Amino acid sequence: MPPTVPGRSVRSLSRRTMLSAAILTALTTVAATACTSGDDTATTGTRRTTDKPIPVLDWALPNAPASLDYAKSYDNNTTGAVMSLVTEPLERVSSTGAFTPNLAASVTQPDTTTLVYRLRPGLRFSNGEELTAQDVAWSIGHFTAATAQTAALGQQVGGVSVTGPLEVTVRLKAPAPTARAGIALATLVQNAGFAKAHAKTLGNAGSAPVGTGPYQVDSQTAEKITLVRNPNYTRTRPAADKVVFSVVPDDTARQLALRSGSVDGGPVTNRKSVAQWKAVPDATVHASPSLSQNFLAMDVTRAPFDDVHVRRAVAHSIDVAGVMKAGFDSYAQPMKGLVPAGELAGVAGSRRTAEAFLDGLPRYGLSEADARAELAKSAHPQGFSTTVEYVKDYPWQEFTVLNLQRNMRALGVKITPKPVTANAWYAKFFKHELTGITLPFGFGASYPDPAPLLGKLVGGTNIGPQKINLANWTTPEVDRAQQVVATAGPRTARWIAAQTILTQVADQVPYVPLFTEDEVYVLGKGLAFDKPGITSFDLSNGSWIFSLKSTA
Amino acid sequence: MSITTFVLRRLASGLLLLLALSLLVFALLDASPGSPLQSLLGTRPATPELVAELRARHHLDEPFALQYLHWLSDAVRLDFGRSISVQAGTPVVDMVYGRAALSAELAAYCLLLVLLLGVPLGLIAGIRHGRTADRSISLLATVGFGAPVYALSVVLLYVFGVALGWFPVYGAGEGFADRVTHLTLPAVALTTVLSAVVVRQTRAATVTVLRQDYLTFARLRGLSPARVLIHYVLRNCAPPVVTSAGMLLIAPLSAGIFIEQVFSLPGMGSLLLTAVAAEDLPVVQGTALLLGALVVLVNLLVDLLGFLLDPRVRLHAAGEH
C-alpha cells in the first residue's frame, strides 16, 4: 500500500527508497560476489572415492514431481530421478545406446517384430511379493498405453504376453530400431497388484508405486520425498542409506542450500548460473552434451517459405553463437546438422565418423550480404512480413526471434514476434496447425538413434495431426530414406539413408539447426561420482545412485 | 443495529463478492488462449478417450451458464476438479489442504512479528514526533517498505542461513519448533516489508490522538503516563491499526508468493505461482477462489473488530438503520 504523503515527502521517499535499494544492491552484490569467488580448480578435478556409507543423501529437485508414476509424469529430472531408485527398468540404457541387463537377465529377438524378456529369478518387491512375469507384462502395457506420457517410447508395441513363468514376449507392430530401447527407457516395473488396487491414485502421495529397486518411498510431501532402503533388495547396494529429494525451486536458493551443506547435489537448470555453482567451495560441476535439439522450422508449403532462397536468407540471418551465449552461456553446443552427432554414432559406426560427416555439410553462417543475395534470388526480393510465435518460458526462443527480427529488418523483412503459452503452442502442434516459422521446444531423441527424431521430422508419412514434420517437407528420395531410417535394418543402409536426409535438409533448409543444450549436474562436499559424470539417462535408469560415492 | 444484523449484512455482501469472483475465475477457462478443451488438455496429446472424458467431466458441450452452474455446485462442495500438470490427477482440494495451513502459519508468524515490532515503533515515533527517534523509525520504515522482497530474501538467506548458519536455507520443517525455525527468515523478510505499513499507521494515529483535547484533560486530571498511553492513546489508535493489521493477514498471500518460492515453502502462494506457470487451470481456479474467500473472511473479521472497538462505527451503523 503506497503511503499518502505530501509532495515534499514524496521526493524524500524517493530518495529513501533509492537508499534502501542501494543498500540491498550492495548486500546482494556481496552475496553474489561470495557466490562467484571460489577456487575454480577444486570444482573440476577428479576426486578419490571410497566405499564408506553415506548416511543421508539430499538431492535437490527444481520442482516437485507431478506424480510418482512415470506414466503420468515423464520427467527425467524429477519423477525419473526418484522412481528409478524404487521401480527398476528391465534393462539400463546409457547415453551411448549401450544396454546393461537389470530385471531382465536376457533379451532376445527371434524375429524383427518379437522381443523376448527372460527375468532374473528370486527378485522381490519392497512389499515382500515376488516379481512375476505378470507384473512385467502389466508394467509394459501401463507405460505404453495411449494415455501415458511415455506412450511415444512404446508406440511400436503391438501386444504383450506372458509366455513362461519368468518370460514376457512383446510383439511389435513393425520392425522398429528403437523398440527395445523404448521399452527399457519407459518401463519402470511396478507391483501390478498394488497398482491395480490404487488405480485412481497411483503416483499421488500415499500411493507411490511399489518396486524392486534398492529403495522404497518412506514419505512424500510437497516439500520432499524420502526414500529408505528396500529390505528385500539383495543385489549390490548403493552407498546412500537414505535418499531425500528436497524441492528447492529457486536457482539461487539451491546454490545457497548447496553452499550451506543443506543439499548434496542436483541438476543446474539455469545454465547461465553455472559459474556461480562452480564457485561453491568443494562443489563439482558435471556438464555433458545432451540429445536435445533446438532448431527452427519453416513450412515449405506456404509462401514465402516455399521458396528455398527465402529459407536460406533466414538461415543466414540468425546469430546462433550469440543466441547460445545469451541463453546458455557456454553450456550449449552448435548443431552442424539437423541432429547432433550423438544420435548418429550408432548407425555411423562411431561418433567420429558421424562428426566428420556433419562437418562436411553446407553451413549458413550469419551474413547480411549472403542473406541479401539469397533474398534477391527469391520471389520476394523486396522482403515480406511474417509473425513468429515463441513461448516465453524458453528465453532462447525470444532471443532467436528478436535476433531474426533485427537482422532481417535491413532486408525489408518485417518479423513480428508473438508470445504464446506452451499450452497454446502444444494445441497447434498436436493439430499440425503451426505455419510459417516455428520454434519447437523440448525436442530431443529418447535414444541415441536417428529413428526417434530424424525419422519423424521429414517424409510424407509424418505430415498431419499428432505428427512432427513441422516443415511439411519431403522429396521422393527423402521419403525412401525416411522409411529406411525409421525401420529396423542393416546399420550401413540406415547410415546411408540418414546421410541422404541430412544432406538434403542442409541443401533445402526446411529446418535451421541451432544448438543442443548441455546437461549440468552439481555435487557438493564429500561426494563424487566414480565416473566422469552423469547424464539424464543415468538419472532416469537409476544407475546414478550406484555411481555416487563418498570421498571422506 | 445489532451485531447479528451487522454480521449478516457483511456476510451477504461478502457472498455476493465471492459469487462475482467465482464467475471471473470460471471465465478464465473461456478467456485462456485457445479453446477450453485445449486449456484442459494442457501438454497432453488429445487422444479420443481423454477428449471424451474432459468434455463429459467439464460439460463442455453445454452453454457457458450451465457449465458455470455445474462448476459452482462442485466448487461449493470444495470439488475444484483434478490437477492437470502440477500434480497430475490429484484433487485440487487435496493439494491446497496442507499448503493452506503452511501459508496461514507464515501469515500468523508474520502478523505477530509485525504487531510486536510495528505497533511499539509506531507509538514511539508518534510520541517522539519530529525528533530523532521519529526520523530514524520513519527512515527504517521507508527502507523496509521500499526493499525488494526477492533481494532481501536472498541477503537474509546468505547472511543467516549460509554465513552464520543460524537458520535453515529451505523447507518448512516438521514439528512445532522446527517449523518455527524454518519460518523465521521468511517471516522476517515479510515483516521487514509489511511492518512499515503498521509503523506508519500507528505513528499517524498516535500523532492525531496526542493532539486531542481529551488527552490534555486526562493529563491535567493527573492520570499516570502509562494509563494515558494504554487507555487513551492505544485504544484510540486501535481502529486504523486493526484495519491495517487485517490487511497484513492477506498481504503475505500476495507478497508471500515470492517469499515461498525463494524459501522453498510449499504454501498457497507457491502453488498458485507453479499452477500459473504450468497453466494448470483447475488449480489456478481453486486456489484463486479459496484465496478470494479468505480475503472476504478476513475483511469480515476486521469489520467486526472495528464494530466492537469503535463506538462511532456502531453509532454510524445505527444511524443508517
Side-chain angles (χ1 to χ4, degrees), chain A residues 1 3 12-13 16-21 23-25 27-28 30-31 34-35 60 63-67 69 72-73 146-147 149 151-152 200-205 221-224 246-250 252-254 256-257 259-260 262-263 393 420-424 426-428 430-431 465-466, chain B residues 32-35 38-39 41-47 49-50 83 85-90 94-95 98-99 138-139 142-148 151-155 157-159 161-163 165 168-172 196-197 200 244 247 251 261-266 270-271 274 277-279:
Chain A
M1 187 171 64
S12 170
L13 171 72
R16 288 169 185 177
T17 307
M18 283 166 63
L19 175 66
S20 74
I23 291 168
L24 276 167
T25 306
L27 282 168
T28 311
V30 169
C35 290
N63 51 278
S67 168
D69 182 6
K72 292 178 188 164
S73 171
T147 49
Q149 286 195 4
K200 283 197 170 176
T201 57
L202 189 66
N204 297 351
T221 65
E223 185 187 351
K224 65 182 178 184
S246 298
V247 181
V248 188
D250 187 76
T252 308
R254 278 205 301 281
L256 293 173
R259 194 176 275 271
S260 70
S262 308
V263 299
D393 301 347
V420 295
T421 63
N423 279 1
Y426 270 116
K428 282 190 177 179
F430 285 128
K431 288 183 176 174
Q466 311 276 357
Chain B
S32 306
S35 68
Q38 284 165 7
S39 303
L41 275 169
T43 56
R44 296 173 290 183
T47 59
E49 299 86 4
L50 186 57
S83 164
S85 48
V86 176
Q87 272 180 259
T90 306
D94 290 355
M95 293 168 72
R99 290 167 181 266
S138 292
L139 176 69
T142 309
V143 169
F145 192 74
L152 178 67
S153 303
V154 171
V155 169
L157 272 178
Y158 182 74
V159 174
V162 178
V169 176
Y170 69 90
V197 179
R200 282 176 167 273
S244 62
M247 292 180 67
Q261 191 75 358
V262 178
F263 290 95
S264 313
L265 298 173
S270 64
L271 177 64
T274 311
E279 298 172 50

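Everything numeric here is computed off the predicted structure, so don't read it as measured data. Proteins get letters first, then strands, A, B, ... in listed order; numbering begins at 1 in each.
- Val247(A) touches chain B through its backbone: at least one of N, CA, C or O sits under 4.5 Å from a heavy atom, while the side chain does not.
- Note that OG of Ser83(B) is 11.0 Å distant from NZ of Lys72(A), once rounded to the nearest 0.5 Å.
- Once rounded to the nearest 0.5 Å, the distance linking CZ of Arg254(A) with OH of Tyr170(B) reads 12.0 Å.
- Chain B forms more heavy-atom pairs under 4.5 Å with one residue of Asn204(A), Thr221(A), Thr201(A), Thr252(A) than with any other, namely Asn204(A).
- Of the listed residues (Ala253(A), Ser67(A), Pro249(A)), the greatest number of heavy-atom pairs within a distance under 4.5 Å of chain B belongs to Pro249(A).
- For the residue pair Glu223(A) and Pro266(B), the shortest heavy atom distance occurs at CB-CG, 3.7 Å.
- At a 4.5 Å heavy-atom cutoff, Pro465(A) makes no contact with chain B through either its backbone or its side chain.
- Smallest separation of non-hydrogen atoms from Pro65(A) and Gln87(B): O-CG, 4.2 Å.
- Only the backbone of Ala277(B) comes within contact range of chain A, with at least one heavy atom under 4.5 Å from a heavy atom of that chain.
- For Lys428(A), the side chain to side chain donor-acceptor pair (under 3.5 Å) partners at least two apart in sequence or on another chain are Glu389(A).
- A pairwise comparison of heavy atoms in Gln261(B) and Asp250(A) identifies O-CB, 3.8 Å as the closest pair.
- By number of non-hydrogen pairs under 4.5 angstrom with chain B, the leading residue of Ala205(A), Ser262(A), Ala152(A), Gly203(A) is Ser262(A).
- Distance check, rounded to the nearest 0.5 Å: CG of Leu256(A) to OG of Ser264(B) gives 10.0 Å.
- Ranked by heavy-atom pairs shorter than 4.5 Å toward chain A, the options Ala163(B), Gly171(B), Pro168(B) are led by Gly171(B).
- The salt bridge (Lys or Arg N to Asp or Glu O under 4.0 Å) test applied to Lys224(A) returns Glu174(B), not counting sequence neighbours.
- With chain A as the partner, the residue from Asp94(B), Thr274(B), Val169(B), Leu157(B) showing the most heavy-atom pairs under 4.5 Å is Val169(B).
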